[in-house]
Amino acid sequence: MNTTLNLTSEFQSIFDTPIKPRTFFAPGRINLIGEHTDYNGGHVFPAAISYGTYALVRKRDDQTLRFYSMNFPEIGIIECNLADLTYKEADHWVNYPKGMLLYIKEAGYTIKQGADILYYGNIPNGAGLSSSASIELATGVLLDRLFDLNLDRVPMIQLGQKVENEYIGVNSGIMDQFAIGMGKKDNALLLNCQTLEYTYAPIVLNDHAIIIINTNKQRTLAGSKYNERRSQCEQALGELQQKLPITSLGELTPAAFEENKQLISDEINQKRAKHAVYENARTLEALEKLQSGDLNGFGKLMNESHLSLKDDYEVTGLELDTLVLAAWEQAGVIGARMTGAGFGGCAIAIVEKDKVDHFKKSLNDIYREKVGYDATFYTAAIGDGAKEITGD
């Protein structure tokens, strides 16, 4: 694997060692449908993709940890000690692997030696394809294998979410880490975010391709309105709970929501809750569509999802709406929607393979005219979850 060979020589150069490191990879993810449902106790429908984070490592004889990212070469090597893994703003991206180290140790696993670790990610920065969770799971798998921890995958995934929530301070759900940790080639994953029950669903694209379209609008999740949306849903849930014996919005059917929505006093909160309930219902319908090979039906659900995110949840914005609404008009497109948290980031579309080139050009012309700069297009292969890469 050419990338691995190049990274190995980079590792040996950066850390000045002839030792050949071990190589790990954790994918990014796209969410095919089910957006902002994860923290509302609903289902999501993500898939691991072929873009992700490589992590190369060798053990050290001391307690020193040295981290280097080829994505941030100007920062150079960041060092810390196993005895002090506290969050430090100056440590920049290294706080993600440091958080994993800290929480794995706190969970009772023994890590007695330091390590030199090189990271390289080919997920577009700021695109919302979950580069942070990819770093967390690459680190988790690396530590598990390097130190023979025998750490089960779901607890590792939960530690990754804990890093995001408590160490970094982003109030996100478990979908990203779960998709990245449990991904399976040519399958999406229907996940119940409350129970962590999951079902693999085959993605049979045949003569279609999944195209990821990056708005190239930078987005920072912690600074976005993400936490505000979460709070609005919690307020709506609290009012519904005065009458209904539910613990999350994900437990409501659309019919039950319509019967009881008047309990939510704030009109905005009511719209937010409506999205969470209806979007969850769409994920369950999506599983049926994919299992029966109805890709067109799945595409229709994608379109409905985007409209809900635009009108009820209000997390799309000019860039994503320009791309998605233009995509719907193109020949060979069976569905398109924003993916991820919104406020920039990416859209996805399912497009007939022989129309992809025309689709990209036409969409980019419209986007540049309206937004003022280019979008970037990627064809997504659906791949496996986080793992060690062995062999050349």
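Remember, it's a predicted structure, so these values are computed and weren't measured experimentally.
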Distance under 6.0 Å and angle within 45° of the ring axis: does K184 meet both against Y200?
yes
Under 6.0 Å from the CG atom of D207, do we count more than 12 heavy atoms belonging to anything else shown?
yes
Within the distance-only criterion (no hydrogens, no angle test), does the side chain of K261 pair as donor or acceptor with the backbone N or O of A256 below 3.5 angstrom?
no
Could you grab the distance from atom CG of D176 to atom OG of S134, nearest 0.5 Å is fine?
10.0 Å
Could you check whether atom CD of Q262 has more than 12 heavy atoms from other residues, nucleotides or ligands sitting under 6.0 Å from it?
yes
Do T86 and D84 have side-chain N/O donor and acceptor atoms under 3.5 Å apart?
yes
Establish whether L191 and L249 are linked, either directly or via other cluster members, by ILVMFWY side-chain heavy-atom contacts under 4.5 Å.
no
We want to know whether E79 and T64 form a side-chain donor-acceptor pair, criterion being a heavy-atom distance below 3.5 angstrom.
no
I'd like to know if the side chain of D91 and the backbone of V94 have a donor-acceptor N/O pair within less than 3.5 Å.
no
Looking at N31, is its backbone amide N or carbonyl O close enough to the side chain of T339 to form a donor-acceptor pair, meaning the two atoms are under 3.5 Å apart?
yes
Keeping the roles fixed (side chain from W93, backbone from S69), state whether a donor-acceptor pair exists under 3.5 Å.
no
Around D62, counting heavy atoms of other residues, nucleotides and ligands shown, do more than 12 lie under 6.0 Å from its CG?
yes
Check step by step if side chain to side chain donor-acceptor pair (under 3.5 Å) holds for S305 and R282.
CA-CA 8 Å; S305 170; R282 276 187 284 273; 4.7 Å; no
Residue pair E279, T37: steps toward the side chain to side chain donor-acceptor pair (under 3.5 Å) verdict
CA-CA 7 Å; E279 184 78 347; T37 45; 6.0 Å; no
Does any part of the side chain of L159, heavy atoms only, come nearer than 4.5 Å to the side chain of I104, both counted from C-beta?
yes
Side-chain H-bond candidate by donor/acceptor type, T23 with E388, under 3.5 Å:
no
Do R368 and Y373 make a side-chain contact, defined as non-hydrogen atoms from C-beta onward lying under 4.5 Å apart?
no
Taken to the nearest 0.5 Å, the spacing of N95 CG from M100 CE works out to 14.0 Å
Flag yes if V324 and F45 sit in one hydrophobic cluster, no otherwise; membership is Ile, Leu, Val, Met, Phe, Trp, Tyr, and two members link when side-chain heavy atoms are under 4.5 Å apart.
no
Looking at Y278, is K274 sitting on its ring face, NZ or CZ under 6.0 Å from the six-membered ring centre and within 45 degrees of the normal?
yes
Could you state whether M302 and L325 fall into the same hydrophobic cluster, counting links through intermediate Ile, Leu, Val, Met, Phe, Trp or Tyr residues with side-chain heavy atoms under 4.5 angstrom apart?
no
Keeping the roles fixed (side chain from N122, backbone from Y51), state whether a donor-acceptor pair exists under 3.5 Å.
no
Answer yes or no: is there a donor N or O on one side and an acceptor on the other, between the side chain of N214 and the main chain of N216, under 3.5 Å?
yes
Determine, stepwise, if the pair L82 / I111 fulfils side chain to side chain contact (heavy atoms under 4.5 Å, CB included).
CA-CA 8 Å; L82 263 178; I111 299 173; 4.1 Å; yes
Step through the shown structure and confirm whether more than 12 heavy atoms of other residues, nucleotides or ligands are within 6.0 Å of NZ on K88.
yes
What distance do E136 atom CD and Y167 atom OH have between them, rounded to the nearest 0.5 Å?
11.5 Å
Is a side-chain donor or acceptor of Q161 paired with a backbone partner of I157 at a separation under 3.5 angstrom?
no
Hey, does the side chain of R60 reach the backbone of L65 with a donor-acceptor pair shorter than 3.5 angstrom?
no
Can you check whether D116 reaches V57 side chain to side chain, under 4.5 Å on heavy atoms?
no
Pairwise side-chain contact, N40 with N280, heavy-atom cut-off 4.5 Å (strictly under)
no
Give me the ring orientation class for Y39 and H36: parallel if the planes are under 30° apart, tilted from 30 to 60°, perpendicular past 60°.
perpendicular
Please determine which of H306, K370, K310 meets the side chain to side chain donor-acceptor pair (under 3.5 Å) test together with D321.
H306
Just how far is it from atom CD1 of I334 to atom CH2 of W328, taken to the nearest 0.5 Å?
14.0 Å
Output, in order, the C-alpha distance, side-chain angles, deciding distance and verdict of salt bridge (Lys or Arg N to Asp or Glu O under 4.0 Å) for E304 and K300.
CA-CA 6 Å; E304 290 172 9; K300 183 169 173 285; 3.0 Å; yes
Common cluster, L102/F67, ILVMFWY with side-chain heavy-atom separation under 4.5 Å
yes
Going through the checks in order, is the salt bridge (Lys or Arg N to Asp or Glu O under 4.0 Å) test met by R272 and E314?
CA-CA 8 Å; R272 305 298 188 244; E314 298 182 89; 2.9 Å; yes
Going through the distances and angles, do D311 and H275 end up as a side chain to side chain donor-acceptor pair (under 3.5 Å)?
CA-CA 9 Å; D311 298 332; H275 166 76; over 6 Å; no
Enumerate donor-acceptor pairs with a distance under 3.5 Å from any side-chain N or O in residues 342-360 to protein atoms, sequence neighbours excluded.
| unit_1 | atom_1 | unit_2 | atom_2 | d |
| --- | --- | --- | --- | --- |
| E352 | OE1 | K355 | NZ | 2.9 |
| K353 | NZ | N206 | O | 3.1 |

Following the transitive rule for hydrophobic clusters with a side-chain heavy-atom cut-off under 4.5 Å over Ile, Leu, Val, Met, Phe, Trp and Tyr, establish whether L363 and L318 coincide in one cluster.
yes
Taking the side chain as C-beta and beyond, is there a heavy-atom pair between Y103 and V163 under 4.5 Å?
yes
Checking salt bridge (Lys or Arg N to Asp or Glu O under 4.0 Å) for the pair D148/R145: CA distance, chi angles, key distance, verdict?
CA-CA 5 Å; D148 297 317; R145 299 290 165 82; over 6 Å; no
E74 atom CD, over 12 foreign heavy atoms within 6.0 Å:
yes
For residues Q63 and Q113, is any side-chain donor paired with an opposing acceptor at under 3.5 Å?
no
Start with the C-alpha distance between Q12 and T8, add both sets of side-chain angles, then the distance that settles side chain to side chain donor-acceptor pair (under 3.5 Å), and finish with yes or no.
CA-CA 6 Å; Q12 290 169 330; T8 295; over 6 Å; no
A side-chain contact here means heavy atoms from C-beta on lying under 4.5 Å apart; do Y378 and I211 qualify?
no
Could you tell me whether a side-chain N or O of E319 sits under 3.5 Å from a main-chain N or O of V371, the two making a donor and an acceptor?
no
Go through F377 and N364 one step at a time and tell me if the side chain to side chain contact (heavy atoms under 4.5 Å, CB included) criterion holds.
CA-CA 9 Å; F377 297 82; N364 198 55; 3.9 Å; yes
With a sphere of 6.0 Å drawn around NZ of K59, does it hold more than 12 non-hydrogen atoms of other residues, nucleotides or ligands?
yes
Could you state the interatomic distance from CD (E234) to CG (N269), rounded to the nearest 0.5 Å?
11.0 Å
Has the side chain of E35 got a donor or acceptor atom that lies under 3.5 Å from a matching backbone atom of A341?
no
Between N187 and I382, is there a side-chain heavy-atom distance shorter than 4.5 Å?
no
Taking the six-membered ring for Trp, is the centroid-to-centroid distance between Y119 and Y54 below 6.0 Å?
no
S292 side chain to E288 side chain, donor-acceptor N/O pair below 3.5 angstrom
no
For a quick test of reading the model, state the closest non-hydrogen atom pair linking S132 to Y96 and the distance between them.
CB-CE2, 3.4 Å
Could you state the interatomic distance from OG (S231) to NZ (K225), rounded to the nearest 0.5 Å?
13.5 Å
Do T53 and Y120 have side chains that approach each other closer than 4.5 Å (heavy atoms only, starting at C-beta)?
no
